[in-house]
Each structure stands twice: as structure tokens, then as C-alpha cells.
*Asks:* 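A single structure is presented below for examination.
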Amino acid sequence: MSLLLRRSAAFSAMLASLVVIPLVPAASPAQADTRCSRMGRVHVPGARHQVAACLDDLTTAGTVASGHTDAADWTGLHSTATRNPSGVPGIQIDGYFPDNSTSNPTHGWNHDSQFVIRLPKKWNGGLVVAGAPGNRRQYANDFTISDWVLAKGYAYASIDKGNGGLEFFQDGRRPGDAILEWYHRMTQVTIAAKATVARHYGRSIRRTYAAGISNGGQLVRWALENHPELYDGGIDAEGTLWPPDDSSNALVYLPVALRNYPEYAATGDPEAHAAMLRAGFAPGSEFLWDFNYRSIWDGTQRRYREEVDPDYDGDLEAGIPFCESGTPNCDTDYDYYARPRSVHKAVRRASMSGRIGKPLITVQGTLDTLLPIAVHGDPYAALVRKQGKGRQHRYYRIEGASHLDIEYDMFPDRMRPLLPCMRTAFEALERWTAPGGHKPPPSATIPLQTSGDVANTCAIS
């Protein structure tokens with residue numbers, strides 16, 4: 001068994017609770033015979049365990065009630081005003097690949113590398129593969145991606161990335177191993193899903209797309225750089241960038257935010273404000289800083305720092321929450337550039353090159369306050385151009401969107417959600433990769449939409 005398959009303990013969905021949900025049978029054998037033909041052909045290569053179910057509705061409108069998804073997995077990723085399609089019958093396969101870590105408790109399996117594959121009765125010949133965003137599990141994309149592509153006729157597959165739980169940094173033998181497993185699991189589920197889909201429908205897949213949000217977008221970038229032969233294209237929504245050099249990354253700007261935001265919030269200190277802007281946070285995003293400070297920045301800094309730099313805090317694991325500057329081993333004082341070369345090497349192991357091999361569309365909000373666009377989106381587009389791959393990339397900067405669409409619900413008068421733009425971009429990718437290839441509009445900054453159904457529409461031209 002390879003090193004990447006020998007994992008132990010890891011981290012679960014950020015901002016989502018761990019919930020054990022049983023698989024509830026959704027149809028009698030007689031019903032299954034009429035609605036899910038070829039059930040006997042369902043087989044996922046390489047799976048250690050799998051369970052197939054014939055469902056009246058593979059979308060979340062049906063799977064929440066039947067126990068074939070977990071709504072906690074997608075908390076905060078979409079606006080409450082988002083409209084989704086429903087009524088897509090077919091087969092769902094849940095299971096897991098061999099793995100030694102056990103932090104994913106879904107279905108009571110207590111086993112990582114859990115996947116879900118959905119096979120709609122009316123298939124359009126395509127497959128969409130997604131990796132979980134943040135530190136979430138295999139159902140995290142169900143509302144944002146799965147429902148929508150299933151209604152278009154695509155088969156769908158997703159995976160928990162091979163480790164979950166707030167201690168994901170415990171997985172692997174060397175710093176950075178847990179993140180590297182994410183890449184391996186994305187490849188693994190893609191290969192397995194392609195074989196499963198082709199066998200089930202009895203014909204070849206016409207097109208395969210990678211799609212992802214945040215850390216899932218990071219997987220899309222890596223997949224198109226390292227295994228473009230598996231895909232026809234990809235959609236990267238606000239993907240995380242670990243740069244291949246010593247450019248800024250999350251472990252550079254998050255300590256700046258942890259040091260300076262409290263002073264700015266308390267006094268409006270202009271020096272603290274200027275430090276935040278220099279770190280990469282967008283002017284005009286200040287109204288989002290408090291939510292991110294209280295809910296996201298601290299845990300993200302400590303856990304990802306522990307993954308690549310476990311020696312920083314000695315015997316502690318992931319440091320001291322919300323510690324004040326000057327406290328020993330405090331992540332507020334973390335200085336990435338002063339850390340040993342081994343730390344920078346661990347980051348480079350997870351890095352992107354920009355050398356994509358298939359068409360990629362990136363969308364990111366200009367107000368992203370977890371992964372600032374000046375640190376993640378803009379530099380990645382520059383990497384792609386540097387590699388001479390600019391003609392295969394479109395980059396749409398969405399004014400007024402941030403990282404979590406729940407932030408739009410909090411400030412609907414100042415923002416717009418990103419998800420509608422991701423869906424519009426997906427349709428542009430479909431046209432781009434179809435025979436004859438209709439190229440999408442040039443990369444651009446898309447002005448803030450202030451009228452119409454903002455939660456469900458987005459124009460990128």
C-alpha cells in the first residue's frame with residue numbers, strides 16, 4: 001500500500017458538525033426494478049465497501065429525508081435564497097476506499113476516504129467530479145454542485161479527500177502529507193467513478209469535468225495540472241493557492257489579521273487597518289472582518305500551520321486559540337518567512353504550478369475575506385499565464401462576492417453570492433469543450449449586480 005494510503009486521524013467539516021446518518025432504504029425491490037435498471041452492474045473499482053440505493057430523487061430535496069446526505073455538510077456555502085432543481089431519480093452509491101484513518105463517522109462507518117457516486121436515470125453522457133471544500137465531507141457539494149449537474153443529466157462523484165476532523169494534521173508521516181492525500185483521493189475517485197459510470201450505462205463517457213469550491217477548487221487546479229488526461233475541463237471557485245515560491249500564502253496574511261484586527265475593531269487604528277490591506281485584504285471588505293475573525297481565521301491559521309510546521313508550538317497541537325501577541329507559541333506572532341527551510345519545502349509539496357492541461361474557468365469574489373483574491377486568485381491567474389497556458393484559462397473576478405455565500409445573507413445590500421456565477425461559468429465551460437468549441441468571454445472583473453434575482457443569476461459577459 002502506498003504512503004498516501006497509509007493515513008491516520010484527520011479533520012472534519014469546518015463550520016459543520018459531525019453527524020452519523022444511517023442509510024435508509026428508499027424503495028422496495030419492485031420499485032427498484034422499474035426505476036433503477038442495471039442495479040446489478042453497479043460496482044466501484046477499488047472500493048473496500050459500497051452500498052447502492054435506488055432513489056426517487058437524487059437531489060437534496062429527496063436525499064435529506066431519505067438519509068442519503070447530510071445538510072450539515074454544506075452549511076453556509078449557499079444563500080438561503082438559492083433555488084435548486086429536484087426530481088432526479090436514479091442510483092446512489094456510498095462507500096469508502098482503503099484507508100487507515102477513521103475520523104469520518106458518516107453512516108457509522110468511522111472510516112475515511114468515503115465517497116458518493118450518483119447515477120441519474122436520464123444520463124447525458126457526462127460526469128462531474130468534486131472534492132470537498134474546506135474540511136468538510138463527501139456531501140459538502142450536494143446542494144451547490146450535485147443537485148444542479150444531476151438535473152442537467154450528469155453523473156456525479158465526490159469524496160471526503162481522505163481525511164477529516166479538526167485534527168487533520170495528525171494524518172500522514174511528514175508535514176504536508178494530509179494535503180497531498182487530498183490530491184491522491186481526487187484522482188482515485190475520478191478513475192473509479194469513470195469506470196463505474198461507463199459500466200453502468202454501457203457506453204463511454206463523452207465528457208468529464210472537475211468542479212470545486214475553496215479547497216475543492218484547489219483540487220481542480222491540481223487535477224488539471226497533473227492529470228489532465230482524466231478531464232475535459234474544470235471549474236475552480238475561489239480555490240486555495242499554495243504558491244511554488246515564497247510568495248504570500250495563508251500562513252503569511254492570517255497572522256497579520258490576528259494581530260491587527262482586534263486593535264482596528266477596538267479603536268479604528270489606521271496603522272492596523274493599513275497592515276490588513278498590505279497583507280492582501282481588499283479595501284471595502286472591512287464589514288466582513290469581524291465574522292471571519294470570530295469564526296474562521298484563527299482555526300484556519302493554527303491547523304494549517306500545524307500541518308506544515310508542527311515544530312512551531314512544541315508539544316502543543318494546533319497552538320492556543322485566540323492567543324494574545326507575546327504568548328509563547330502563539331500563532332498570532334507566526335512569521336512564515338523566519339521559519340526553517342523544511343517548512344517552506346512542505347508548502348511547496350502542496351503547491352500549484354499553473355501548468356494546466358485542459359480548459360479551466362476560475363471565479364472568485366473580490367471581497368473574499370478568507371482567501372483574499374490578491375493572494376489566491378490573481379497570483380494563480382498570473383502563474384497560468386507565466387506557463388503559457390493563458391488561452392486555456394478564463395478568470396472572472398466577481399465584484400461584491402466573498403468566500404461563503406452565507407455572508408451575502410448577512411449583508412444583502414452590500415454583496416452578491418458567488419454560486420450563481422460558478423453555475424454560469426460551468427455552462428460556459430460546457431460550450432467551450434463541446435465540438436466546435438465556443439470560447440467564453442475574455443477574463444474580466446464582473447461588476448456588482450444590483451437588480452434582478454441576484455441569488456440565482458449571474459452574467460459573465
Side-chain angles (χ1 to χ4, degrees), residues 12-16 19 21 57-64 68-79 82-86 88 90 92-95 104 106 113-120 126-152 154-164 182-183 185-186 188-190 192-193 197 208-223 231 233-240 361-364 403-406 417-426 429:
S12 91
M14 180 186 298
L15 301 179
V19 179
I21 53 174
D57 191 355
L58 293 170
T59 75
T60 55
T63 54
V64 169
H68 289 85
T69 190
D70 181 0
D73 272 12
W74 64 75
T75 298
L77 295 181
H78 65 276
S79 166
T82 304
R83 292 195 308 272
N84 267 16
S86 61
V88 182
Q92 174 163 319
I93 312 166
D94 288 277
N104 188 340
T106 307
S113 299
Q114 291 195 38
F115 62 82
V116 59
I117 297 175
R118 297 190 174 104
L119 307 170
L127 168 67
V128 175
V129 183
N135 317 121
R136 303 172 186 244
R137 295 173 291 166
Q138 65 270 25
Y139 300 128
N141 296 297
D142 280 7
F143 192 93
T144 53
I145 299 175
S146 179
D147 284 1
W148 196 71
V149 300
L150 285 169
K152 283 174 153 292
Y154 288 93
Y156 171 82
S158 188
I159 194 165
D160 66 6
K161 303 199 301 284
N163 47 67
W182 300 353
Y183 303 151
R185 297 300 181 181
M186 181 70 171
Q188 184 178 36
V189 75
T190 299
V197 170
T208 301
Y209 299 120
I213 299 169
S214 190
N215 283 346
Q218 172 182 337
L219 298 189
V220 173
R221 295 173 176 181
W222 186 92
Y231 309 93
I235 293 292
D236 151 34
E238 59 196 19
T240 310
I361 299 180
T362 297
V363 294
Q364 184 166 11
H403 198 74
L404 298 171
D405 280 0
I406 192 176
L418 187 67
L419 180 59
C421 300
M422 181 183 183
R423 291 176 172 180
T424 299
F426 183 88
L429 180 68

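Residue indices begin at 1 and follow the sequence shown.
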*Asks:* Mind listing the closest non-hydrogen atom pair of Gly212 and Val220 along with its distance?
*Replies:*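 Closest approach of Gly212 to Val220: N-CG2, 3.4 Å.
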*Asks:* The criterion is side chain to side chain contact (heavy atoms under 4.5 Å, CB included); which residues satisfy it with Ala237, sequence neighbours excluded?
*Replies:*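 Checked Ala237 against side chain to side chain contact (heavy atoms under 4.5 Å, CB included); matches are Ile213, Val363, Leu418, Met422.
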*Asks:* Asp142: which residues meet the salt bridge (Lys or Arg N to Asp or Glu O under 4.0 Å) condition with it, sequence neighbours left out?
*Replies:* Arg118
*Asks:* Is the backbone of Gly134 close enough, under 3.5 Å, to the side chain of Lys161 for a donor and an acceptor to pair up by distance?
*Replies:* yes
*Asks:* Drop me the distance from Leu77's CG to Asp405's CG, to the nearest 0.5 angstrom.
*Replies:*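 Leu77 CG to Asp405 CG: 8.0 Å, rounded to 0.5 Å.
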*Asks:* Indicate yes or no: at least one non-hydrogen side-chain atom of Thr69 is less than 4.5 angstrom from one of Trp74.
*Replies:*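 Contact flag for Thr69/Trp74 side chains = yes.
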*Asks:* Taking only residues two or more places apart in sequence, or in another chain, which ones meet Ala193 in a side chain to side chain contact (heavy atoms under 4.5 Å, CB included)?
*Replies:* Ile117, Leu127, Ala157
*Asks:* With a 4.5 Å cut-off on side-chain heavy atoms, are Ile145 and Tyr156 touching?
*Replies:*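 A side-chain contact exists here, since the closest heavy-atom pair is under 4.5 Å.
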*Asks:* Apply side-chain contact (heavy atoms from CB on, under 4.5 Å) to the pair Thr106 and Asp70, showing each step before the final yes or no.
*Replies:* CA-CA 9 Å; Thr106 307; Asp70 181 0; 5.8 Å; no
*Asks:* If I take atom SG from residue Cys421 and atom CD from residue Glu238, how far apart are they, to the nearest 0.5 angstrom?
*Replies:*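 Reported value, rounded in 0.5 Å steps: 11.0 Å.
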*Asks:* Quick check: closest heavy atoms across Met186 and Ala210, and the distance to 0.1 Å?
*Replies:* CE-CB, 4.0 Å
*Asks:* Is the shortest side-chain heavy-atom distance between Asp57 and Thr63 below 4.5 Å?
*Replies:* no
*Asks:* How about Thr240 and Ser214: do any of their side-chain heavy atoms sit closer than 4.5 Å?
*Replies:* yes
*Asks:* Any side-chain heavy atom of Arg221 sitting closer than 4.5 Å to one from Thr362?
*Replies:* yes
*Asks:* If I compare all heavy atoms of Ala132 with all of Arg136, which pair ends up nearest, and what's the gap?
*Replies:* CB-O, 3.3 Å
*Asks:* Does the side-chain contact (heavy atoms from CB on, under 4.5 Å) test come out yes or no for Trp182 and Asn163, once each step is laid out?
*Replies:* CA-CA 8 Å; Trp182 300 353; Asn163 47 67; 2.9 Å; yes
*Asks:* Given side chains that start at C-beta, do those of Tyr154 and Tyr209 come closer than 4.5 Å, heavy atoms only?
*Replies:*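 SC-SC contact between Tyr154 and Tyr209 confirmed.
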*Asks:* Between Gln218 and Tyr183, does the side-chain contact (heavy atoms from CB on, under 4.5 Å) criterion hold? Intermediate values first, please.
*Replies:* CA-CA 9 Å; Gln218 172 182 337; Tyr183 303 151; 2.8 Å; yes
*Asks:* Can you confirm whether Val128 sits close enough to Lys152 that some side-chain heavy atom of one is under 4.5 Å from a side-chain heavy atom of the other?
*Replies:*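 Answer no - side chains too far apart.
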*Asks:* Parallel, tilted or perpendicular, judged at 30° and 60°: which one describes the rings of Trp148 and Phe426?
*Replies:* perpendicular
*Asks:* Check the pair Ser158, Val116 against side-chain contact (heavy atoms from CB on, under 4.5 Å), reporting the backbone distance first and the verdict last.
*Replies:* CA-CA 6 Å; Ser158 188; Val116 59; 4.2 Å; yes
*Asks:* If I take atom CG from residue Leu150 and atom CG from residue Leu58, how far apart are they, to the nearest 0.5 angstrom?
*Replies:*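 Between atom CG of Leu150 and atom CG of Leu58 there are 5.5 Å.
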*Asks:* Please report the interatomic distance CG(Leu419) to CG(Leu404), rounded to the nearest 0.5 Å.
*Replies:*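 That separation rounds to 12.0 Å.
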*Asks:* Mind checking the OG-CG spacing from Ser113 to Asp160? Nearest 0.5 Å is all I need.
*Replies:*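 Spacing of OG (Ser113) from CG (Asp160) equals 5.5 Å.
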*Asks:* To the closest 0.5 Å, what do you measure between OG (Ser86) and CG (Asp147)?
*Replies:*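 Taking OG in Ser86 and CG in Asp147, the distance rounds to 8.5 Å.
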*Asks:* Do Gln114 and Asp94 have side chains that approach each other closer than 4.5 Å (heavy atoms only, starting at C-beta)?
*Replies:*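 Result no, sub-4.5 Å side-chain heavy-atom pair not found.
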